[in-house]
Amino acid sequence: MVLASARRTFDFVVAANRLPVDRVVDDDGTTRWQASPGGLVTAMDSVMQGRRAAWVGWAGVPDEDVRPFDRDGVRLHPVVLTAEEIQDYYEGFSNETLWPLYHDVIVPPRYRRRWWAAYREVNARFAECVAQVAARGAVVWIHDYQLQLVPSMLRELRPDLRIGWFNHIPFPPVELFGQLPWRDSVLRGLLGADFLGFQRRNDAANFARACQQLLGAHTSGDVVSWVGDEDEPGSGERRVRMAAVPISIDFTTVDELARTPGVRRRAQEIRASLGNPRTVLLGIDRLDYTKGIRHRLRAISEMFADGDIATPEVTLLQVATPSRERVSAYRELRSQVDGQVGRINGDHSTIGASAVHYLHHSYPKEEMAALFLAADVLLVTPLRDGMNLVAKEYVASRWDGGGALVLSEFTGAAHELTQAFQCNPHDIVGLKQTIVAAMSEDAASRRKRMLGMRRRVRTHDVHAWARRYLAALEAAPDKPDRG
Ligand code: GDG
């Protein structure tokens, strides 16, 4: 057991792949840490306030041993990763093995033993770091697929802790998960937690089935009971609770930002610079093959070709935020999307009126809010997505009750935003019909849908999510072993 008493320890510890800060270099060459915007940071802020809290994660700079530092009352504990570990643990095992495997094998996952070895090693380092900073009996909240072995590794070091894990992405059916050569180790790694949170009920059910079939675990209601092998970390009888706790956004902050005069003015400017079309269709995604951007462009291309839509009355504004550019599947996707956009514009743009405005950039949140306000229809068409926060941010931005949302059935958000125009992005005919329906619905019905969705996101915001998660963790069946 690691004794934590010699150094400063914390009652609440978050572990995530990344720390909530980015290092920026100013013009004069000085470096500083800047808060990285994101839903997780906001959610954790709301539960860290008033507690002795620490965050364990990679600082985003390879090979550098950054000393722990305080930020807004939270102690940030960097975990050092070498450039090779970033390639093998992060780009390799996390993004080329687990990410495609957990998203319905949209591209083939790659199974490499060297990547797995690095994943184990880095997970062990995270577990050791948390074990050192957590106070006796502390609550530890571990995030996401990059850290699935940390729960049992940490329990081995510190049985006194209350350990939770939350999966931001889907958990696949056992028929796909079973491909993973190290599947049993991953399940055992997770079963070191007291509570496992998932985005959807189906994800929790998939996990339970994997435990039954691959480990011979017993499940009853929302509890998995399992007796570990003696020589494995996390051995002994354990009862682990699992449930769907769908993540959300900070509704009030997004809503208030979208109401500011600057954002409203900017939304009008955006429409004007597009030539004030009758209908602005919008897509905003990380450039990721899970987001269904190619399917969306295929539907749009056919709609222009069929005469369902035409410039200058209708245009698609597609923002694709650069992502994982060192992974080959992402480079390939980028060139496919470039090609599709080029063809659509070549075939259907007219002088002064582009069919598709394609922007491969990221934008400040004020600009995102203005884009949401400027759009008549937001197209969210993932082939698989844990939740999809963009859909919820759109709804929260539409304080005017305007706008329509086309939303893929394969997102976690579809289970909550039932008034959206739901679609199956694989069914191009159906997708085209759904987009036409969303464009042509009368204003009163649209407004009714939007107000219903706003109510849902307002009452189920990110603060409610964090509270719900922590209450479930506290109520987990096994009591920590505090000697
Ligand atoms: C994973 C899961 C799950 C995007 N471009 C810009 C920008 N963004 C922001 C969006 C939104 C976030 O990034 C993206 O969140 P999503 O949920 O849409 O998707 P993933 O990145 O795949 O997130 C997902 C999520 O984790 C949370 O659990 O919902 O299913 O895959 O907040 O607004 N923000 C700014 N500029 C951009 O250009 N400022």
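Indexing begins at 1, ligand by ligand and atom by atom, following the structure's order. Just so it is clear, the model here is predicted, and its values are computed rather than measured.
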R286, H103, K291: member with heavy atom nearest to atom 19 (O) of ligand 1: K291
State the atoms of ligand 1, each with its element, that fall below the 4.0 Å cut-off from a heavy-atom position in W99. 31 (O)
State the atoms of ligand 1, each with its element, that fall below the 4.0 Å cut-off from a heavy-atom position in G386. 30 (O)
Decide whether a cation-pi geometry holds between R449 and F421; the criteria are a distance under 6.0 Å from NZ or CZ to the six-membered ring centre and an angle within 45° of the ring axis. yes
Does this structure show an ion pair linking E256 with R259, if we count only N-O contacts that are shorter than 4.0 Å? no
Testing M387, H460, R456 for side-chain contact (heavy atoms from CB on, under 4.5 Å) with K392, which one passes? M387
Tell me whether R201 at atom CZ has more than 12 heavy atoms from other residues, nucleotides or ligands lying less than 6.0 Å away. no
Report the distance from atom CG of D288 to atom CG of D385, rounding to the nearest 0.5 Å. 8.5 Å
Would E367 count as a contact residue for ligand 1, given that I'm defining contact as a non-hydrogen atom of the residue lying under 4.0 Å from a ligand atom? no
So is Y102 touching ligand 1 or not, going by heavy atoms under 4.0 Å? no
Kindly confirm or rule out an N or O of N388 lying under 3.5 angstrom from an N or O of ligand 1. yes
Pick one of side chain, backbone, both or neither for how V390 approaches ligand 1, counting any non-hydrogen atom pair under 4.0 Å. both
With respect to W141, which candidate in W165, W465, W55, F10 satisfies the ring pair (Phe, Tyr, Trp, His ring centres under 6.0 Å) definition? W465
State whether the shortest distance between N or O atoms of Q199 and N or O atoms of ligand 1 falls below 3.5 angstrom. yes
Does R265 CZ have over 12 foreign heavy atoms under 6.0 Å away? no
Using distance alone, determine whether M368 and ligand 1 share an N or O pair under 3.5 Å. no
Contact check: H168 vs ligand 1, nitrogen or oxygen atoms, below 3.5 angstrom: yes
For T321, which part has a heavy atom under 4.0 Å from ligand 1: side chain, backbone, both, or neither? side chain
Would you kindly check if the NZ (Lys) or CZ (Arg) of R324 is within the cone defined by 45 degrees around the ring axis of W99 and under 6.0 Å from the six-membered ring centre? yes
Interfacing atoms of ligand 1 (cut-off 4.0 Å, heavy-atom, S362): 37 (C), 38 (O)
Is there a nitrogen or oxygen of I284 sitting under 3.5 Å from a nitrogen or oxygen of ligand 1? no
For R331, is the CZ atom crowded, meaning more than 12 foreign heavy atoms sit under 6.0 Å from it? yes
Geometry only, no angles: is H361 polar-contacting ligand 1 at N/O separations under 3.5 Å? no
Count the heavy atoms belonging to other residues, nucleotides or ligands that lie under 6.0 Å from CZ of R120, then report whether that count exceeds 12. no
For ligand 1, which part of Y394 has a heavy atom less than 4.0 Å away: the side chain, the backbone, both, or neither? neither
Between F166 and ligand 1, is there a nitrogen or oxygen pair with a distance under 3.5 Å? no
